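Numbers restart at 1 for each chain; the letters A, B, ... are given by sequence-line order, proteins then strands. The structure presented is a predicted model; accordingly, all values stated were derived computationally and were not measured.
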Protein chains: 2
Amino acid sequence: MSKCEQCIIKQFNSLKSLTKDELVRISACKTSKKIKKGEVIFEEGEMLNGVYCVRDGICKLTKLSENGKDQIVKMVVKGQLLGQRSIISDEASNLQAIALNDMEVCFIPKSEIIADLQKNPKFSFDVLKDMASDLREADDVIVNMAQKSVRQRLAESLIYIHENFGVNPDGTLSILLSREDYASIVGTATESAIRVLSQFKKDGLISTIGKFIKIEDLNGLKRIE
Amino acid sequence: MSKCEQCIIKQFNSLKSLTKDELVRISACKTSKKIKKGEVIFEEGEMLNGVYCVRDGICKLTKLSENGKDQIVKMVVKGQLLGQRSIISDEASNLQAIALNDMEVCFIPKSEIIADLQKNPKFSFDVLKDMASDLREADDVIVNMAQKSVRQRLAESLIYIHENFGVNPDGTLSILLSREDYASIVGTATESAIRVLSQFKKDGLISTIGKFIKIEDLNGLKRIE
DNA sequence: CGAACGCTTGACAGAATTCAAGTCTGGTGG
DNA sequence: CCACCAGACTTGAATTCTGTCAAGCGTTCG
């Protein structure tokens with residue numbers, strides 16, 4: 001099993017603020033795990049007893065709304081942590097995590113994280129910054145959901161994925177999502193999402209290569225109102 | 001000027017985790033401020049150089065969306081802190097704060113808060129918990145905005161206000177909001193909010209006493225789908 | 001008193017959901 | 001190998017929801 005203190009992934013999250021000693025200690029009790037596409041990492045309402053550090057792959061965090069539909073609240077990619085919130089508030093998770101492709105994660109027990117939060121103010125402050133940034137993003141999502149049309153929201157989601165999760169060599173979005181996933185991101189019916197995507201394609205804003213989506217006119221998408 | 005170490009308001013927020021010495025030091029450099037209804041506490045994009053501790057009154061945190069409409073993202077009441085997020089991430093505020101009634105707040109300079117965050121892990125952990133709780137609430141709002149109808153959202157907002165901000169002796173909601181504010185909470189046109197409220201009234205779910213709203217059938221509101 | 005503002009209602013257009021087909025695809029079992 | 005099936009995808013049509021524009025009412029405040 002590889003060692004945390006040598007892992008480059010930690011450069012991208014708050015674990016970078018831990019001392020070498022702390023990393024060695026965590027490394028000793030962490031467990032590595034492979035998760036297959038579609039597999040559930042944790043359920044809504046489940047008590048987490050640790051956090052996950054995503055070494056590879058992508059997952060979606062969803063919440064079941066009262067009308068029975070899943071809403072994708074956030075997507076977590078390589079380099080990010082998963083589950084800090086539930087650990088910190090010491091409550092059951094309010095979200096479900098599902099792998100969108102094959103993943104590799106490290107599981108770090110709750111006790112270790114809590115101990116470091118209490119002892120290492122730099123680490124604690126870094127986590128604080130992460131959460132502040134999450135909150136700011138959440139505010140943006142709230143405003144978009146509340147004020148914009150399905151068409152606008154879908155356009156912005158495509159742009160977000162393009163800019164944050166990157167593209168394949170042929171220019172297609174590196175993340176492969178089903179139509180249902182897209183609908184679940186913008187909070188609409190699957191048919192509505194499909195219709196809007198068809199329209200984007202007809203307008204030359206996007207194209208499809210196999211199941212993948214390629215953005216052809218980024219500025220055109222940005223101009224949608 | 002009153003002293004922080006004797007202030008009971010601090011019992012309701014993370015400041016309760018500060019030591020007596022820290023409170024004395026903060027007390028020495030804080031400034032007390034009265035803010036009138038409708039007054040802006042800080043603007044979106046403004047650099048905050050401290051946090052506000054709300055001693056009395058209520059304010060709304062809004063964000064201007066690209067289509068020019070304000071969205072109410074959160075309401076902050078007596079006992080809560082205002083502006084931690086911007087201080088922590090050291091960025092301009094992403095929200096505007098406006099008093100909904102006459103307020104009394106204490107302003108604590110950024111340097112003091114940051115110093116205490118670095119030195120007092122208990123305080124820092126408490127702030128972390130606050131933000132974790134804010135994030136969870138934000139997730140709920142996202143799902144509601146994305147998946148529910150204007151009618152449902154308005155019903156839930158009324159319930160939220162009723163349960164979290166309390167009622168006057170005659171049973172009316174203690175917070176007085178304009179129709180435009182209600183529209184801005186659920187993210188809809190003012191006319192739409194008015195129409196839904198009228199319908200609620202016609203259905204006997206709510207009544208109005210002067211400008212105040214009184215919930216007549218809480219379970220009825222909860223049953224709306 | 002008049003102007004300004006918030007509140008209310010009507011009418012209509014456009015957006016979005018729902019239900020109901022039908023197509024395409026990859027995988028499975030014969 | 002091929003037929004077939006399940007699931008994802010696509011499109012159409014009817015219905016419902018929501019935003020917008022327009023008009024009128026009531027209150028407050030100068």
Side-chain angles (χ1 to χ4, degrees), chain A residues 36-38 60 65-71 98 100-101 143-157 173 175-203 206-213 224-225, chain B residues 36-38 60 65-72 98 100-101 143-157 172-173 175-203 206-213 224-225:
Chain A
K36 290 206 176 124
K37 177 176 175 173
K60 60 179 176 182
S65 90
E66 289 161 29
N67 66 18
K69 275 195 243 171
D70 271 325
Q71 174 69 34
I98 297 187
L100 286 172
N101 49 31
V143 175
N144 286 342
M145 289 296 180
Q147 305 261 358
K148 295 185 181 172
S149 67
V150 167
R151 186 175 163 78
Q152 280 176 295
R153 279 181 270 162
L154 193 41
E156 291 185 14
S157 299
L173 297 182
I175 302 184
L176 181 56
L177 296 172
S178 68
R179 305 304 184 190
E180 197 179 354
D181 282 329
Y182 280 110
S184 179
I185 290 175
V186 299
T188 189
T190 307
E191 297 97 320
S192 302
I194 288 175
R195 255 178 265 268
V196 174
L197 283 174
S198 303
Q199 190 59 45
F200 284 169
K201 199 168 165 182
K202 202 174 291 174
D203 295 345
I206 64 172
S207 62
T208 51
I209 301 178
K211 289 189 153 197
F212 287 87
I213 289 179
I224 286 178
E225 296 194 358
Chain B
K36 292 209 175 121
K37 177 176 177 174
K60 60 179 176 183
S65 92
E66 290 162 29
N67 66 18
K69 275 195 243 172
D70 271 324
Q71 174 70 32
I72 296 183
I98 297 187
L100 285 172
N101 49 31
V143 175
N144 286 342
M145 289 296 179
Q147 305 261 359
K148 295 185 180 172
S149 67
V150 168
R151 186 175 163 78
Q152 279 176 295
R153 279 181 270 161
L154 194 41
E156 291 186 13
S157 299
T172 56
L173 298 182
I175 301 184
L176 180 57
L177 295 171
S178 68
R179 306 303 181 185
E180 196 179 354
D181 282 328
Y182 280 109
S184 179
I185 290 174
V186 298
T188 189
T190 307
E191 296 96 322
S192 300
I194 288 176
R195 253 179 268 269
V196 174
L197 284 174
S198 302
Q199 191 61 45
F200 284 169
K201 199 168 163 182
K202 203 174 292 175
D203 295 345
I206 64 172
S207 62
T208 50
I209 301 180
K211 290 189 152 195
F212 288 86
I213 289 178
I224 285 179
E225 293 192 359

query = Is it true that the side chains of B/K69 and B/S184 contain a donor and an acceptor less than 3.5 Å apart?
reply = no
task = For the pair A/Q71 (side chain) and A/I185 (backbone), establish whether a donor and an acceptor sit closer than 3.5 Å, ignoring hydrogens and angles.
result = yes
request  = May I have the distance from A/K37 (atom NZ) to D/dA8 (atom C1'), rounded to whole angstrom?
outcome  = 12 Å
query = B/K211 has an atom NZ; how far is it from atom P of C/dG6, in whole Å?
reply = 9 Å
ask   = Does a donor on one side chain sit under 3.5 Å from an acceptor on the other, for B/K201 and B/S207?
value = no
query = Between C/dG6 atom C1' and B/D181 atom CG, what is the distance in whole Å?
reply = 12 Å
key: Whole-Å gap separating P (D/dT28) and CG (B/L176)   = 13 Å
task = For nucleotides 10-24 of chain D, just jot down a letter per nucleotide in 5' to 3' order: B, S or -, based on protein non-hydrogen atoms under 4.0 Å.
result = BBBB----SBBB---
request  = For B/I206 and C/dC7, give me the distance from atom CD1 to atom P, rounded to whole Å.
outcome  = 13 Å
Heavy atoms of other groups near A/E180 CD, more than 12 under 6.0 Å = no
request  = Specify the separation, in whole Å, of atom CD of A/Q199 and atom C1' of C/dA15.
outcome  = 13 Å
ask   = Does A/E156 have any salt bridge (charged side-chain N to carboxylate O under 4.0 Å, His left out) partners at least two apart in sequence or in another chain, and if so, which?
value = A/K148
key: Protein-nucleotide distance (A/Q147, atom CD; C/dA15, atom P), rounded to Å   = 17 Å
request  = Say whether, by atom type as modelled, one donor and one acceptor occur between the side chain of B/S157 and the main chain of B/R153 under 3.5 angstrom.
outcome  = yes
